[in-house]
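Keep in mind the model is a prediction, meaning the values are calculated, not measured.
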Amino acid sequence: MKIIVAPDSFKGSLSAFEACDTIIEAINKSSSHDVFRFPMADGGEGTLDVLISALGGEYAKVDAKDPLGRTVQASFGICGKIAIIESARACGLTLLSDFEKNPLLTSTFGVGQLICAALDRDVDEIYLTLGGSSTNDCGIGMLSALGAKFYGKDLSETLCGNDLSKITAVDFDHMDERLKNVQITAICDVENPLYGENGAAYVFAPQKGADAADAKILDDGLRNFAATVNRSIGIDVSSEKGAGAAGGLGAALMLLNAKMKKGCDMILSLVGFDDALKNADYVFTGEGSFDDQSFMGKVVGSIYSRAQKANVPVAVFAGRVGDHPQKRGLNAVCITPKDQPVEIAMKNAHNNLYNAVLNYIEKNSAN
C-alpha cells in the first residue's frame, strides 16, 4: 500500500516528527509499504520546525526579549529568501511559569526583534506564525521594536497589554524602511475579530492568565487602541477576520500589510500534500485529542477534507477520542488503553501509538 503519514503533534507527549517516526516504525514492522512522511502543524507550536524541514532551511538564533522583557535566545528559520518566525519563540506561554502568566503585563516586543533579525538577512518574505502567545497587547510591543511611536500618560518602558487604554496617539512614520520591501504572511488558525465577545480579550486572554476583570480591561484597551489608530492614520482593522489572533498581534500585522493565511492549508500546499495523495491507499494522521473541534481549521480536519476529495480513507490516531461527527472514509482510533490514567498515557505515548497503529494495520490487512 501507499500510505501518507501526516500527524500533528501530540501536545505534551510527542512532536509531529516523533509521531511520524512512531507511526512509520509500526507500519514497517507489519509489512513493506510505500510510506510518505509529512510532519504537520497548524501555525502553532512546532510550525517553525515543520516548515524548515519542508522547505530545506536552517535555523538562526538571536537574543530577544521574552514576554516579560527578559533576554532569551530565540530561533527563527531562513529558507533562501524566506524567513520563518514562530512568534511563540519570543512571546509564547511556554516561556512563562504559571504564576507569571498575565496578559496585562506581557509584550510582543521580542517578536519585533525577530523580524528585525530577519530583515538583517535581506529576505523578501517573512512567514510569521501566531499560535501559542501569552500576550494581549495588540502587537504594540512588536510595532515599537520596529520603530513605531506611541504616546500617552504613564506608558510602560516595554509596551504591554496594560498600556492599550493609555495610548492617545500613534506615529508610524519612522518604521523600519526595510519593511516596505518585504511581504509578511501571518499564519493563523483563528478568525476572531479584535474585540467584543468573540474578540481577543474575552475568548483567549483567560487561557493566558486573565480573570474576568482583566479581560474587561484588555477589551477596553483594544477598543481604545483601534479607535486611536483609525483616528491617527485612517485604518480600521477592528472587524477584520483574524485581527484578534495572538492577542491582537493579527491586527498589528495587518497594519504592516500582512496577508493572513490558514496555517494548516498553507503548510499542506507548501509540502505538496495533494500531489502525494495521488494513488494513495491510506492517510494516517493524529493528534493528542480528537473531537468535533478537530474540524475547525486544525490539522486533522484539513487533511481529511483534502483526502476526501482524492477519495483516500483516513485513520486518525489520538490519545483521546471525544464526540465527533461520523464521516465517510474516516476511522478514529484511541491509542490509550482502557483505564490508563492520563499522566501515564502521556508518558507512554510512543508505545501506545506504536501498538495502536500496528494493531490497526494487522486488523485491516486481515480484512
What heavy-atom pair brings [X] and [Y] nearest, and what distance separates the two atoms?
X: Ala145; Y: Cys116; answer: O-SG, 3.8 Å
X: Gly110; Y: Ala64; answer: O-CB, 4.1 Å
X: Leu268; Y: Ser302; answer: CD1-CB, 4.0 Å
X: Ala201; Y: Asn136; answer: CA-OD1, 3.5 Å
X: Asp214; Y: Gly209; answer: OD2-O, 4.2 Å

Just distance, no hydrogens or angles: give the donor-acceptor pairs under 3.5 Å from side chains in residues 120-131, sequence neighbours left out.
{"unit_1": "Asp120", "atom_1": "OD1", "unit_2": "Arg178", "atom_2": "NH1", "d": "2.7"}
{"unit_1": "Asp120", "atom_1": "OD1", "unit_2": "Arg178", "atom_2": "NH2", "d": "3.4"}
{"unit_1": "Asp122", "atom_1": "OD2", "unit_2": "Lys81", "atom_2": "NZ", "d": "3.3"}

Apply side-chain contact (heavy atoms from CB on, under 4.5 Å) to residues Ile217 and Leu104 and explain how you reach the verdict.
CA-CA 8 Å; Ile217 292 170; Leu104 287 169; 3.8 Å; yes
Using modelled atom types and a 3.5 Å cut-off, is there a donor and acceptor pairing between side-chain atoms of [X] and backbone atoms of [Y]?
X: Ser144; Y: Gly141; result: yes
X: Thr228; Y: Asn224; result: yes
X: Asn230; Y: Ala226; result: no

Report the distance from atom [atom1] of [X] to atom [atom2] of [Y], rounding to the nearest 0.5 Å.
X: Phe284; Y: Cys20; atom1: CZ; atom2: SG; answer: 12.5 Å
X: Phe10; Y: Glu287; atom1: CZ; atom2: CD; answer: 8.0 Å
X: Leu330; Y: Ile303; atom1: CG; atom2: CD1; answer: 11.5 Å
X: Ile187; Y: Ser87; atom1: CD1; atom2: OG; answer: 10.0 Å
X: Leu353; Y: Asn348; atom1: CG; atom2: CG; answer: 12.0 Å
X: Met266; Y: Met260; atom1: CE; atom2: CE; answer: 12.0 Å

Any [X] side-chain heavy atom under 4.5 Å of [Y] side chain:
X: Phe204; Y: Asn192; answer: yes
X: Thr135; Y: Ser107; answer: no
X: Thr285; Y: Asp8; answer: no
X: Leu253; Y: Met142; answer: yes
X: Glu18; Y: His350; answer: no
X: Pro103; Y: Leu218; answer: yes
X: Gln113; Y: Val62; answer: no
X: Val72; Y: Lys65; answer: no

Side-chain donor-acceptor distances from residues 272-279 under 3.5 Å, at least two apart:
{"unit_1": "Asp274", "atom_1": "OD1", "unit_2": "Arg306", "atom_2": "NH1", "d": "3.4"}
{"unit_1": "Asp274", "atom_1": "OD2", "unit_2": "Arg306", "atom_2": "NH1", "d": "2.9"}

Tell me whether [Y] is reachable from [X] by hopping between hydrophobic residues (I, L, V, M, F, W, Y) whose side-chain heavy atoms are closer than 4.5 Å.
X: Val170; Y: Leu222; value: yes
X: Ile167; Y: Ile235; value: yes
X: Ile335; Y: Val342; value: no

For atom [atom1] of [X], decide whether the heavy atoms of other residues, nucleotides or ligands shown that lie under 6.0 angstrom number more than 12.
X: Lys2; atom1: NZ; answer: yes
X: Asp173; atom1: CG; answer: yes
X: Lys11; atom1: NZ; answer: no

Would you call Arg223 and Asp219 a salt bridge, taking side-chain N to carboxylate O under 4.0 Å as the test?
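Answer for the salt bridge query: yes.
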side-chain contact (heavy atoms from CB on, under 4.5 Å) between Ile27 and Val357, intermediate numbers included
CA-CA 7 Å; Ile27 291 172; Val357 173; 4.2 Å; yes
Any chance you could pull the hydrophobic cluster mates of Tyr354, using side-chain heavy atoms under 4.5 angstrom and chaining through other members?
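Besides Tyr354, the cluster holds Leu358.
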Checking one residue: Tyr202. Which other hydrophobic residues are in its cluster under the side-chain 4.5 Å linking rule?
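Once heavy-atom contacts under 4.5 Å are chained together, Tyr202 still belongs with nothing else.
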Working note: Leu256 + Met175, criterion side-chain contact (heavy atoms from CB on, under 4.5 Å); need CA distance, chi angles, decisive distance, verdict.
CA-CA 10 Å; Leu256 300 180; Met175 299 282 284; 3.5 Å; yes
Is the NZ or CZ atom of Lys149 positioned over Phe172's six-membered ring, under 6.0 angstrom from the centre and within 45° of the axis?
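No, cation not above the ring by the 6.0 Å, 45° rule.
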[X]: salt bridge (Lys or Arg N to Asp or Glu O under 4.0 Å) partners, not counting sequence neighbours:
X: Arg70; result: Asp66, Glu100
X: Lys262; result: Glu191
X: Lys216; result: Asp220

Between side-chain atoms of residues 40-61 and protein atoms elsewhere (two or more places apart, or another chain), which donor-acceptor pairs fall under 3.5 Å?
{"unit_1": "Asp42", "atom_1": "OD1", "unit_2": "Gly44", "atom_2": "N", "d": "3.2"}
{"unit_1": "Thr47", "atom_1": "OG1", "unit_2": "Gly43", "atom_2": "N", "d": "3.0"}
{"unit_1": "Thr47", "atom_1": "OG1", "unit_2": "Gly44", "atom_2": "N", "d": "3.1"}
{"unit_1": "Thr47", "atom_1": "OG1", "unit_2": "Gly44", "atom_2": "O", "d": "2.7"}
{"unit_1": "Asp49", "atom_1": "OD1", "unit_2": "Tyr59", "atom_2": "OH", "d": "2.5"}
{"unit_1": "Asp49", "atom_1": "OD1", "unit_2": "Arg89", "atom_2": "NH2", "d": "3.4"}

Once ring-ring contact (aromatic ring centres under 6.0 Å, His included) is applied, do any residues pair with Phe290, and if so which ones, sequence neighbours excluded?
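Only Phe295, His324 meet the ring-ring contact (aromatic ring centres under 6.0 Å, His included) criterion with Phe290.
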Checking side-chain contact (heavy atoms from CB on, under 4.5 Å) for the pair Asn181/Leu179: CA distance, chi angles, key distance, verdict?
CA-CA 5 Å; Asn181 301 315; Leu179 290 167; over 6 Å; no
If only side-chain N and O atoms count, and only distance matters, is there a donor-acceptor pair under 3.5 Å linking [Y] with [X]?
X: Ser133; Y: Lys208; result: yes
X: Asp137; Y: Thr108; result: yes
X: Asn352; Y: Gln340; result: yes

Let me check something: any side-chain donor-acceptor pairs from residues 236-248 under 3.5 Å, sequence neighbours excluded? List them with distances.
{"unit_1": "Asp236", "atom_1": "OD1", "unit_2": "Ser238", "atom_2": "N", "d": "3.0"}
{"unit_1": "Asp236", "atom_1": "OD1", "unit_2": "Ser238", "atom_2": "OG", "d": "2.7"}

Assess the pair Phe36 and Phe38: is the distance between their ring centroids shorter than 6.0 Å?
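Here the rings of Phe38 and Phe36 have centres that are no less than 6.0 Å from each other.
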Under 3.5 Å, side-chain donor or acceptor atoms of residues 309-321 against the rest of the protein: list the pairs with distances, not counting sequence neighbours.
{"unit_1": "Arg320", "atom_1": "NE", "unit_2": "Ser289", "atom_2": "OG", "d": "2.9"}
{"unit_1": "Arg320", "atom_1": "NH2", "unit_2": "Ser289", "atom_2": "OG", "d": "2.9"}
{"unit_1": "Arg320", "atom_1": "NH2", "unit_2": "Asp291", "atom_2": "OD2", "d": "2.9"}

Donor-acceptor pairs under 3.5 Å, side chain of residues 152-159 to any protein atom, not counting sequence neighbours: which ones?
{"unit_1": "Ser156", "atom_1": "OG", "unit_2": "Asp163", "atom_2": "OD1", "d": "3.2"}
{"unit_1": "Ser156", "atom_1": "OG", "unit_2": "Asp163", "atom_2": "OD2", "d": "3.0"}

